[in-house]
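Quick one: structure below, then a few questions.
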Amino acid sequence: MKSFDNISLKAYNTFGIDVKARRMVVVEPGDSVEQLATLRSLDGGTEPELILGGGSNMVFTKDYDGTVVTLSRESACPVRQSTLVTAWGGMVMDDLVRWTLDNGLYGMENLSAIPGTVGASAVQNVGAYGAEAKDFVESVEAYDLKDGHLCTFSNADCCFAYRYSMFKDVPGRYLILRVTFRLKKEYAPNLSYKALEGLPHATAGELRQAITELRWGKLPRPEEHGSAGSFFKNPVVDEEVYARLRQQYADMPDAHPSAGGYKLSAGWLIDRAGWKGRTQGGAGVWPKNALVLYNAGACTGEEVRSLANAIQQDVKQKFGVVLEPEAIII
Ligand SMILES: Cc1cc2nc3c(=O)[nH]c(=O)nc-3n(C[C@H](O)[C@H](O)[C@H](O)COP(=O)(O)OP(=O)(O)OC[C@H]3O[C@@H](n4cnc5c(N)ncnc54)[C@H](O)[C@@H]3O)c2cc1C
């Protein structure tokens, strides 16, 4: 375990927002339970703590006056037992996806190139191109920072839903150390996403490549422009609201009834409200994808928040639909 005081978080969040943390503790794969227990007693247990992965879904609006706990990125090699693979929570998720394919294990190729770490993939139930982490998570091993012991959660315990797990309800309590994924030895491409339909003969590697290219065609590359990916969740509305909007906007993409209602495209609503390509202060709406807010030039977290608020208000006023941020605003 290593500790750093008064550290800049600019390199630790993909928006590239320049704030500081009072302290950062980096947990290593070999740290003992006794060492982990020291995290509970920082400043007599009164120190605010934030668990940070790759910072790819976070917007810092001010300096963090407490301790940021993060897992070392030094990738301990995943451990395989037949079709089960256990990976260190600090491993870059995309490195794990590549590792699984290199080792003849399939399923997660549709999650290629999602930024962030293995631990956060379970917290967020990351998803893309017709797949979600929940389809593969077998179990999650965590350290309970409140009660001070190691615990294991099954897939069912995690209560996964769209960009949700129960870990989101208790932020800062469970430090996820390892995640075990169940994969397949036989490759069966998941082409449920429309843009992938034409790839029935692609190998897993070719599908991964195609998905990576599709992704970076419409998202800002983190090394060029900071962002947190999709900033808002796709809102779910009831049948009455859907029917009203359907009648009013012939160009609105079809939504199919899913659990709880009709899931609309937040990107379409923001685009239709006229925000695509606009900037406000140092923050902007990505010209190729209205769902993405980005760092248009040394933006502050407050500028991102203020742009997000303006979009939420406008979409509410124009369509009567409430947009909820997917990004976590600190
Ligand atoms: C360009 C871009 C594209 C993206 N595309 C997608 C996409 O297609 N699909 C998608 O779902 N997401 C996408 N995202 C969002 C992001 O990649 C995911 O939310 C990712 O899981 C965040 O990982 P992270 O390690 O950066 O977590 P962070 O942003 O650091 O943290 C996210 C949450 O997880 C918690 N957390 C992190 N690590 C741990 C841990 N070890 N133990 C306990 N809690 C932890 C944090 O406290 C926080 O609540 C995108 C982001 C970017 C920048």
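Note that ligands are numbered from 1 as they come in the structure, with each ligand's atoms numbered from 1 the same way. Since the structure is predicted, the reported quantities are computational estimates derived from the model, not experimental observations.
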Open item on the list: With nothing but distance in play, are any N or O atoms of Q124 less than 3.5 Å from an N or O of ligand 1?
Closed with: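 It does: an N or O of Q124 is found under 3.5 Å from an N or O of ligand 1.
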Open item on the list: Starting from atom 49 (O) of ligand 1, what is the nearest protein heavy atom, named by residue and atom, and what distance separates them?
Closed with: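 I find the closest protein heavy atom is I328 CD1, 3.3 Å.
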- [ ] Report, as yes or no, whether the 6.0 Å neighbourhood of atom CD on E240 holds more than 12 heavy atoms from other residues, nucleotides or ligands.
- [x]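 Counting neighbours around CD of E240, 12 or fewer heavy atoms of other residues, nucleotides or ligands fall under 6.0 Å, so no.
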Open item on the list: List ligand 1 atoms under 4.0 Å from L71, heavy atoms only on the residue side.
Closed with: 41 (N)
Task: Subset of ligand 1 atoms that lie under 4.0 Å from at least one heavy atom of G229 - done: 2 (C), 3 (C), 4 (C), 50 (C), 51 (C), 52 (C), 53 (C)
TODO: List every atom of ligand 1 that sits less than 4.0 Å from any heavy atom of R163, numbering the atoms from 1 in the order shown and giving each element.
DONE: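 Taking each heavy atom of R163 in turn, ligand 1 has 10 (C), 11 (O) under 4.0 Å.
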Open item on the list: Hydrogens and angles aside, do S154 and D157 bring a side-chain donor and acceptor to less than 3.5 Å of each other?
Closed with: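 Looking only at side-chain atoms, D157 and S154 do form a donor-acceptor pair, the distance falling under 3.5 Å.
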TODO: May I ask you to identify the nearest protein heavy atom to atom 43 (C) of ligand 1, giving residue, atom name and distance to one decimal place in Å?
DONE: Y174 O, 3.1 Å
Task: Cationic N near anionic O, under 4.0 Å, R173 to D147 - done: yes
- [ ] Treating Ile, Leu, Val, Met, Phe, Trp and Tyr as nodes and any side-chain heavy-atom pair under 4.5 angstrom as an edge, say whether V19 and M24 lie in one connected cluster.
- [x] yes
Task: A228 contact mode with ligand 1 (heavy-atom cut-off under 4.0 Å) - done: backbone
Task: L219-ligand 1 polar pair, N/O distance under 3.5 Å - done: no
Task: Separation of E138 CD from N155 CG (nearest 0.5 Å) - done: 7.5 Å
Task: Those atoms of ligand 1 less than 4.0 Å from some heavy atom in L52 - done: 30 (O)
Open item on the list: One thing to verify: whether D271 and K276 come together as a salt bridge, which I'm taking to mean a side-chain N less than 4.0 angstrom from a carboxylate O.
Closed with: yes
TODO: Check whether any side-chain N or O of E141 sits under 3.5 Å from a backbone N or O of L177 as a donor-acceptor pair, and report yes or no.
DONE: no
TODO: Could you tell me the residue and atom name of the protein heavy atom closest to atom 42 (N) of ligand 1, and the distance to it rounded to 0.1 Å?
DONE: I176 N, 2.8 Å
Open item on the list: List ligand 1 atoms under 4.0 Å from T14, heavy atoms only on the residue side.
Closed with: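 Every atom of ligand 1 under 4.0 Å from some heavy atom of T14: 53 (C).
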TODO: State, without any angle test, whether D169 and Y164 hold a side-chain donor-acceptor pair at a distance under 3.5 Å.
DONE: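 The answer is yes; a qualifying pair exists.
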- [ ] Run down the list N125, I330, I51, N289 and name the one with the heavy atom closest to atom 46 (C) of ligand 1.
- [x]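 The option holding the nearest heavy atom is I51.
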Open item on the list: Please compare G55, A131, A142, A120 and report which has the shortest non-hydrogen distance to atom 23 (O) of ligand 1.
Closed with: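 The option holding the nearest heavy atom is A120.
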- [ ] Spell out, as yes or no, whether a donor-acceptor pair under 3.5 Å connects the side chain of W88 to the backbone of L71.
- [x] no
Task: Closest protein heavy atom to atom 31 (O) of ligand 1, given as residue, atom name and distance to 0.1 Å - done: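 I find the closest protein heavy atom is M58 CE, 3.5 Å.
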Task: Contact with ligand 1 for R215, non-hydrogen, under 4.0 angstrom - done: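 True for this residue.
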Open item on the list: Closer than 4.0 angstrom, basic N to acidic O: yes or no for R246 and D254?
Closed with: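 A salt bridge is present here (some side-chain N lies under 4.0 Å from a carboxylate O).
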Open item on the list: Yes or no: does K168 have any heavy atom under 4.0 Å from an atom of ligand 1?
Closed with: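 It does not; every heavy atom stays at 4.0 Å or beyond.
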Open item on the list: Please list the nearest protein heavy atom to atom 44 (N) of ligand 1 with its residue and the distance rounded to 0.1 Å.
Closed with: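 For atom 44 (N) of ligand 1, the nearest protein heavy atom is V123 CG2, 3.5 Å.
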Open item on the list: Could you tell me, atom by atom, which parts of ligand 1 come under 4.0 Å of a heavy atom of T117?
Closed with: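 With T117 as reference, the close atoms of ligand 1 come out as 23 (O), 24 (P), 25 (O).
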Open item on the list: Can you name the atoms of ligand 1, numbered from 1 with element, that are less than 4.0 Å from a heavy atom of G54?
Closed with: 24 (P), 25 (O), 26 (O), 27 (O), 30 (O)
Open item on the list: By the ring-ring contact (aromatic ring centres under 6.0 Å, His included) test, which pairs, at least two apart or in different chains, include something from residues 283-312?
Closed with: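 As it turns out, the ring-ring contact (aromatic ring centres under 6.0 Å, His included) pairs with a partner in residues 283-312, which skip direct neighbours, are H225-W286, H225-Y294, W286-Y294.
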Open item on the list: Judged on heavy-atom distance to atom 12 (N) of ligand 1, which of T70, L175, I114 sits nearest?
Closed with: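 Minimum heavy-atom distance to atom 12 (N) of ligand 1 goes to I114.
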- [ ] Any pair with a residue in residues 310-330 that passes salt bridge (Lys or Arg N to Asp or Glu O under 4.0 Å), sequence neighbours left out, goes on the list, sorted by first then second residue, please.
- [x]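 Applying salt bridge (Lys or Arg N to Asp or Glu O under 4.0 Å) to every pair that reaches into residues 310-330, excluding sequence neighbours, yields R163-E326, K233-E324, D314-K318.
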TODO: May I ask you to identify the nearest protein heavy atom to atom 18 (C) of ligand 1, giving residue, atom name and distance to one decimal place in Å?
DONE: V126 CG1, 3.8 Å
Task: N57 N/O to ligand 1 N/O under 3.5 Å - done: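 Right, the criterion is met.
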Task: Selected option - heavy-atom contact closest to atom 7 (C) of ligand 1, from G116, P115, G127 - done: G127
Task: Lys/Arg-Asp/Glu bridge criterion (N-O < 4.0 Å) met for K2, D31 - done: no
Open item on the list: Heavy-atom count check: over 12 atoms from other residues, nucleotides or ligands less than 6.0 Å from Y12 OH?
Closed with: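 Counting neighbours around OH of Y12, 12 or fewer heavy atoms of other residues, nucleotides or ligands fall under 6.0 Å, so no.
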- [ ] Tell me which one of A128, S165, S56 gets a heavy atom nearest to atom 51 (C) of ligand 1.
- [x] S56
